[in-house]
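In what follows, a structure is listed as structure tokens, so that the remarks can point back to it.
Along the sequence shown, residues are numbered consecutively beginning with 1.
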Amino acid sequence: QVQLVESGGGLVQAGGSLRLSCAASGRTFSSYAMGWFRQAPGKEREFVAAIRWRGGNTYYADSVKGRFTISRDNAKNTVYLQMNSLKPEDTAVYYCAAGHYSYYVEEYDYWGQGTQVTVSS
């Protein structure tokens with residue numbers, strides 16, 4: 001079994017920054033990609049960013065490209081999402097996920113419990 005625990009969410013003003021962390025435990029993650037998704041009230045869960053564990057290839061949603069950075073520390077089994085220049089429309093619950101390198105929700109097998117990010121205008 002795989003456990004993912006997110007942290008780092010909170011309330012921030014527009015233009016500010018937050019860094020989310022996702023600590024993974026359980027099975028080895030050498031073959032998993034990691035992704036961040038988000039879900040705003042009344043909306044479907046949407047892709048934010050993904051990273052391979054090997055090679056460090058990354059992929060971003062157009063809405064966050066240039067503002068968000070995904071990274072990982074393999075030794076700590078942790079993936080990060082640095083979020084800069086935050087906008088009110090970034091407000092959502094952010095989820096960490098482990099699975100295949102993809103922007104599709106269904107390609108990820110394991111999910112964290114989510115962490116709330118609220119950006120005030």
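Taking 4.5 Å as the limit, every side-chain heavy atom of Trp111 sits out of range of all side-chain heavy atoms of Cys96. Between Glu6 and Leu20 there is no side-chain heavy-atom pair separated by less than 4.5 Å. The side-chain heavy atoms of Val2 and Asp109, taken from C-beta on, include no pair separated by under 4.5 Å.
Nearest heavy atom pair, residue Tyr94 against residue Val48, reads CE2-CG2, 4.3 Å. The minimum heavy-atom distance between Pro88 and Ala14, with the atom names listed, is CD-CB, 4.1 Å. Here the shortest heavy-atom pairing between Leu4 and Ala24 reads CD2-CB, 3.6 Å. Residues Val79 and Ser71 share a closest heavy-atom pair of CG2-O, 3.0 Å.
By the criterion of side-chain heavy atoms lying less than 4.5 angstrom apart, applied directly or through intervening Ile, Leu, Val, Met, Phe, Trp or Tyr residues, Tyr103 is not grouped with Ile51; the two fall into different hydrophobic clusters. Residues Val105 and Tyr110 are members of separate hydrophobic clusters, defined by side-chain heavy-atom contacts under 4.5 angstrom among Ile, Leu, Val, Met, Phe, Trp and Tyr. No single ILVMFWY cluster, assembled from side-chain heavy atoms under 4.5 Å apart, contains both Tyr80 and Met34. Under the 4.5 Å side-chain contact rule for hydrophobic residues, Val12 and Leu81 share a cluster. Grouping the Ile, Leu, Val, Met, Phe, Trp and Tyr side chains by contacts below 4.5 angstrom, directly or via other members, places Val64 with Leu18.
Among residues at least two apart or in separate chains, side chain to side chain donor-acceptor pair (under 3.5 Å) pairs with a member in residues 40-49 are Arg38-Glu46, Gln39-Arg45.
With sequence neighbours excluded, no residue forms a ring pair (Phe, Tyr, Trp, His ring centres under 6.0 Å) with Tyr101. Applying the salt bridge (Lys or Arg N to Asp or Glu O under 4.0 Å) rule to Arg67 yields the partners Asp90; only residues at least two apart in sequence or on another chain are considered.
For the atom pair CZ of Arg52 and OG1 of Thr58, the computed distance is 10.5 Å after rounding to the nearest 0.5 Å. Once rounded to the nearest 0.5 Å, the distance linking CZ of Arg19 with OG1 of Thr69 reads 11.5 Å. Here the OG-NZ distance, from Ser121 to Lys87, works out to 14.0 Å after rounding to the nearest 0.5 Å. We find the CD-OG1 distance between Gln116 and Thr91 to be 7.5 Å, quoted to the nearest 0.5 Å.
Paired with Tyr108 under the rule ring pair (Phe, Tyr, Trp, His ring centres under 6.0 Å), one option of Tyr32, Phe37, Phe47 passes, and it is Phe37.
With hydrogens and angles ignored, the 3.5 Å screen pairs no side-chain donor or acceptor of Ser102 with any backbone N or O of His100.
Tyr60 has its ring centre no less than 6.0 Å from the ring centre of Phe68.
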